[in-house]
Amino acid sequence: MDPVINDFSIRIATANGTGSQTSNIVIQRALMKMGLAASSKNLFPSNIAGLPTWFQIRVSPGGWQTMASQWQVLLPLNPATIGRDLRESEPGTVVIENSAMKTADSEFEGLCRYSVPFDQLAREISDAKLRPRLKNLIYVGVVAQLFGIPIDAIRAALGSVFPGKETVIELNVNAAQIGFDFASENLKKQDRWKFEPADQIKHRILIEGNEATALGAIWGGVSVVAWYPITPASSLAEALEKHIGDCRDADPEGGKRFVVIQAEDELAAIGMALGAGWAGARSMTSTSGPGISLMGENLGFGYFAEIPTVVYDVQRVGPSTGLPTRTQQSDLLQVAFQSHGDTRFPFLLPANASEAFEFSCQSYDLADKYQTPVLFLSDLDLGMNTWISDPMPEPTGDMQRGKIATDEVIARLENWGRYRDVDGDGIPYRTIPGVTLHPDTAHLTRGSGHNEDAEYSESPEVYKNNLDRLSRKIDGMVVDLPAPVLTEGDAPLGVIAFGTTDLAMQEALESLDSKPAYLRIRAYPFHEEVEAFLAEHQQVLVIEQNQQGQMAQLLRMHLPQHADRIESATYYGGLPLTTQIVREAIEQQLGVETR
Amino acid sequence: MSEDKKPATNTLGLTKSDYKGGPSTMCKGCGHDRISEAIIQASYDLGLDATNILKMSGIGCSSKTPAYFLGNAMGLNSTHGRMPSFATGAHIANTSMTPIGVSGDGDSASIGMGQFVHILRRNPKMVYIIENNGVYGLTKGQFSATADRQSPSKRGAYPREESIDLCGLALELGATFVSRSFSGDKKQLVPLLKAALSFDGLSFIDVISPCVTFNNHEGSTKSYTHQKEMGVTFHDPYYVSPQDPIDIEYEQGELREVTLHDGSKLLLRKLEHDFDPTDRNASFDAIQRTRNKGEVLTGLIHIDVEARSMSSNSGLTDQPLSMLAQQELRPASGVLDRINDSFRI
């Protein structure tokens with residue numbers, strides 16, 4: 001049996017809240033210490049302790065970060081799911097099981113089973129108090145020995161997880177060693193899976209999407225952060241609070257140059273962000289779909305009163321409470337047209353951690369320049385999983401604060417009005433209390449109908465002109481939004497995808513013989529390149545992670561001349577998108593075409 | 001114009017009309033207009049620089065009034081019940097600016113109750129005025145949550161639910177400046193507003209402000225008549241700025257004196273009853289006792305000059321966040337390299 005090197009997945013099934021997460025991360029990090037771009041997916045429940053959770057680690061020659069649809073090694077360590085875990089495994093799967101909860105062999109034939117007396121081995125951990133947590137390291141040792149992870153890599157991984165805590169590291173290494181020794185003395189290698197050192201990581205870093213997003217906000221200059229806890233967005237604001245004090249210098253007296261407020265709800269969070277944006281600070285709030293729903297009214301206020309702020313939507317599965325710990329791209333339509341009345345909100349669609357940093361940083365310039373709430377749409381998969389990513393790029397160029405009604409501007413324009421379009425781009429010169437001090441700039445900002453001088457007006461003409469100018473302003477944003485990324489192909493098909501679908505797309509493209517052209521949309525409203533792409537291809541398949549094909553709908557709506565070319569392929573089960581799903585969707589579409 | 005006909009000016013050399021806003025669109029006789037006048041008077045007397053004031057409001061009749069005072073101040077008329085969060089954000093973006101938040105009983109006691117409660121806990125430096133008339137005026141006279149059970153509507157219907165005493169609630173939530181006044185009592189309201197503007201924290205003023213169109217009829221507990229008959233106060237307040245000498249003379253023991261954070265003083269002249277408004281228990285008792293008698297207590301109900309505002313406690317730089325430049329906001333080059341390195345395996 002020829003060994004298969006660096007091309008398989010390990011699935012670890014445990015119960016939530018048992019401390020297994022640390023062990024799983026140690027395995028992933030140990031593989032990275034070997035130079036392998038190991039991806040991990042944490043499939044966790046909406047629960048604090050007790051419900052089943054799975055962690056899937058994948059190593060592939062290409063270093064792909066997507067989840068594989070199948071696993072070659074299973075650790076069914078949760079009695080509540082062992083039957084299901086074994087049933088879902090393909091024949092030939094390696095199973096490392098707890099001998100104390102062995103399931104009848106006859107029921108699951110064709111598996112390659114290693115039986116480990118985990119409970120018995122755990123007694124070798126002398127510290128009874130620490131035993132419940134340390135015992136998880138035993139399976140780390142077994143996996144290491146069976147598949148070729150040196151114990152030194154485990155030690156190095158623990159060093160990354162517990163930096164500077166030598167005693168903790170040693171206790172954990174010792175626990176792993178128990179499993180390692182048991183495996184080398186008692187388990188005869190019967191499978192072909194093996195890890196070997198490689199050079200897949202190179203210059204790249206390991207980071208969670210939410211953390212990269214938070215850092216982007218700091219580099220973007222955010223100084224007022226208002227948020228309300230919600231999965232999967234909480235770790236964004238928490239990471240921001242963790243880093244900002246360290247990254248941003250205080251004033252010489254030690255005064256902080258930021259404030260983070262945990263608001264009482266999302267209504268208040270967006271109110272504070274808009275209040276701060278109106279008063280001239282760079283502000284943000286971070287939430288998920290349910291929070292966006294609650295923010296609706298105030299977002300509409302921000303659109304109509306023209307107030308900059310940045311709103312992060314780390315998407316999860318809806319509708320309603322939905323599946324809070326599962327991923328989806330299902331907020332596109334609600335975000336694009338959030339709030340009552342005719343509104344439109346620009347949004348950015350990062351596909352990876354490095355881009356999350358870049359777009360997050362850029363959002364503040366966009367919000368200021370166009371005086372409107374800018375939305376940043378990531379998802380749970382990007383936000384809460386760790387990714388091997390290009391380093392976060394240093395922003396180029398200076399911050400853009402946009403048009404401000406300074407004394408000089410007022411003097412130059414003669415006819416300045418808060419909502420008067422003097423440059424023909426739909427963007428007026430805005431006021432900042434305490435900064436724009438010319439007596440003419442004082443006014444009452446309102447969400448009710450207003451004329452160019454910000455005075456209350458119910459005039460149909462005034463209202464219509466204002467709304468049309470707003471529309472023109474949003475359309476004009478395209479020049480500053482991230483342009484789509486085109487990958488040429490040779491098959492008679494175009495594919496459009498966005499966000500975290502990108503990685504599965506890239507991997508699928510590599511494995512397809514006949515490759516469709518691929519356009520990755522990175523922002524709304526759409527660039528001209530999107531129209532051109534639709535015009536060039538008779539058939540365009542839009543692949544996305546929601547039920548209704550929301551991106552396909554947006555495209556049909558804005559480019560009706562090409563509506564009949566747009567086909568939709570959707571996945572909305574809530575798990576991270578696999579390459580297999582994307583590849584099958586493309587093959588099916590190509591099959592229809594060639595028939 | 002001859003020299004002696006020039007209107008009086010304040011310390012900034014401004015006339016009272018410099019503190020006015022646009023013409024009011026309230027009903028004739030509306031209590032809210034009297035409150036706007038009191039704000040104008042207090043601001044003029046204090047020599048307030050209106051460009052340091054942020055006029056914040058929600059939705060409703062009361063929330064329209066920021067258009068009618070301090071025309072040189074910037075204002076934001078936000079969404080229904082959300083004035084507190086907008087005011088918090090605007091103030092924290094530039095703590096050298098003081099918000100005057102104007103809300104109504106519908107805006108704060110119902111749809112905005114959550115934000116009202118939490119801004120009291122958060123305690124930013126601002127003035128929070130509720131123009132309290134017991135009805136929804138703009139939607140034509142429905143009961144609000146401050147309408148008393150015994151107070152009939154114009155058509156004779158009675159509220160089905162208990163009314164909320166906003167001052168009692170504010171006390172319960174730990175508010176550090178709690179007061180109630182009456183739009184018809186400028187003598188009381190103006191000094192309270194001056195003290196509120198000088199206070200380092202949230203100064204809450206619940207102003208009974210009769211709605212002449214929907215809630216000024218016989219039997220109403222929010223009418224001019226009712227307030228004149230049943231309003232009680234324990235002190236007459238006098239505001240003394242740090243510059244002014246105290247020019248009122250009283251017998252020893254007649255005055256309670258509260259020194260505010262900017263050195264100004266609020267002098268409270270005892271009336272028939274007395275109580276110590278710095279004693280939270282006494283404040284609770286005063287509200288409860290008067291309420292039980294069907295009276296409406298006005299005046300300074302509670303003050304705590306030891307507590308400081310959210311902004312004073314925030315550890316923020318003195319420079320407004322809104323005015324920070326790129327070099328103060330964006331980490332120096334090299335910091336990102338260090339951060340990237342910390343994420344290397």
Side-chain angles (χ1 to χ4, degrees), chain A residues 29 32-33 160 201 205-207 215 218-219 221 223-224 226 243 247-251 253 255-259 261 263-265 267-268 271-283 297-298 301 391-392 394-395 398-399 431-435 437 439 442-448 456, chain B residues 22 50-52 54-56 59 66-67 71-94 96-97 114-115 117-118 121-122 314-324 326 328-333 335-337 339-345:
Chain A
R29 295 241 175 184
M32 291 181 183
K33 297 287 181 190
S160 306
I201 296 177
I205 61 171
L206 178 74
I207 190 168
L215 286 159
I218 297 169
W219 261 257
S223 62
V224 177
H243 286 292
C247 294
R248 182 171 298 159
D249 293 338
D251 72 15
E253 281 79 48
K256 294 185 299 174
R257 290 174 168 142
F258 64 89
V259 65
I261 304 174
E264 58 268 32
D265 53 34
L267 305 169
M272 289 177 199
L274 285 168
W278 172 77
R282 291 201 149 180
S283 66
E297 186 187 18
N298 278 342
F301 178 84
M392 294 170 280
E394 188 81 49
D398 288 336
M399 285 181 181
T431 50
I432 296 178
V435 172
L437 293 168
H443 68 277
L444 188 67
T445 302
R446 57 177 97 235
S448 47
Y456 182 70
Chain B
T51 60
N52 289 332
L54 300 172
K55 302 180 292 182
M56 310 298 290
I59 292 290
N72 292 329
M74 296 278 270
L76 188 147
N77 173 208
S78 73
T79 48
H80 202 12
R82 315 302 171 213
M83 180 277 282
S85 59
F86 279 86
T88 304
H91 173 62
I92 211 72
N94 186 343
S96 67
M97 315 274 282
Q115 298 209 347
V117 162
H118 288 277
R121 294 178 58 224
R122 215 164 264 132
S314 66
L316 273 179
T317 177
D318 290 338
Q319 198 185 358
L321 295 176
S322 63
M323 296 184 195
L324 294 177
Q326 176 169 331
E328 291 150 334
L329 290 169
R330 181 166 289 168
S333 71
V335 177
L336 191 57
D337 290 341
I339 296 285
N340 273 321
D341 283 345
S342 74
F343 289 104
R344 280 183 211 285
I345 296 304

Between Asn72(B), Thr51(B), Thr79(B), which shows the greatest number of heavy-atom pairs under 4.5 Å with chain A?
Thr79(B)
How are the rings of Phe301(A) and Phe86(B) set to each other: parallel, tilted or perpendicular (split at 30° and 60°)?
perpendicular
With a 4.5 angstrom heavy-atom cut-off, could you sort out which part of Ala226(A) is near chain B: side chain, backbone, both or neither?
neither
Quick check on Met83(B) against chain A: is it the side chain, the backbone, both or neither that has a heavy atom closer than 4.5 Å?
neither
So, the part of Phe258(A) with a heavy atom under 4.5 Å from chain B: the answer is backbone
Which atoms of Asn52(B) approach chain A - backbone, side chain, both or neither, heavy atom under 4.5 Å:
neither
Give me the one residue out of Asn340(B), Leu336(B), Val335(B) that meets side-chain contact (heavy atoms from CB on, under 4.5 Å) with Glu394(A).
Leu336(B)
Which of the residues Asp318(B), Val117(B), Leu324(B) is involved in the greatest number of heavy-atom pairs with chain A at under 4.5 angstrom?
Leu324(B)
Mind ranking Ser448(A), Ala279(A), Gly277(A) by heavy-atom pairs under 4.5 Å with chain B and telling me who comes out on top?
Ala279(A)
Name the region of Arg122(B), side chain, backbone, both or neither, that has any atom closer than 4.5 Å to a heavy atom of chain A.
side chain
Top of Arg257(A), Met32(A), His243(A) for chain B proximity - count of heavy-atom pairs under 4.5 angstrom
Arg257(A)
Sidechain-backbone polar pair: Arg330(B) side chain, Trp219(A) backbone, donor-acceptor under 3.5 Å:
yes
Given that the side chain runs from C-beta out, which part of Ala67(B) has a heavy atom under 4.5 Å from chain A: side chain, backbone, both or neither?
both
Atom CE in Met74(B), atom OG1 in Thr445(A): separation rounded to 0.5 Å?
6.0 Å
Answer with side chain, backbone, both or neither: which region of Arg82(B) has an atom nearer than 4.5 Å to a non-hydrogen atom of chain A?
side chain
May I ask you to name which of Gly114(B), Ser314(B), Pro66(B), Ser78(B) has the most heavy-atom pairs under 4.5 Å with chain A?
Ser78(B)
Of all of Gly434(A), Ser160(A), Ala263(A), Ala273(A), which one pairs up most often with chain B through heavy atoms under 4.5 Å apart?
Gly434(A)
Between Leu215(A) and Phe343(B), which heavy-atom pair has the shortest distance, and what is it?
CD1-CE1, 3.9 Å
Pick from Gly221(A), Gly271(A), Ala268(A): which one has the most heavy-atom pairs with chain B under 4.5 Å?
Gly271(A)
Interface check, chain B: of Arg446(A), Arg282(A), Glu264(A), most non-hydrogen pairs under 4.5 Å belong to Glu264(A)
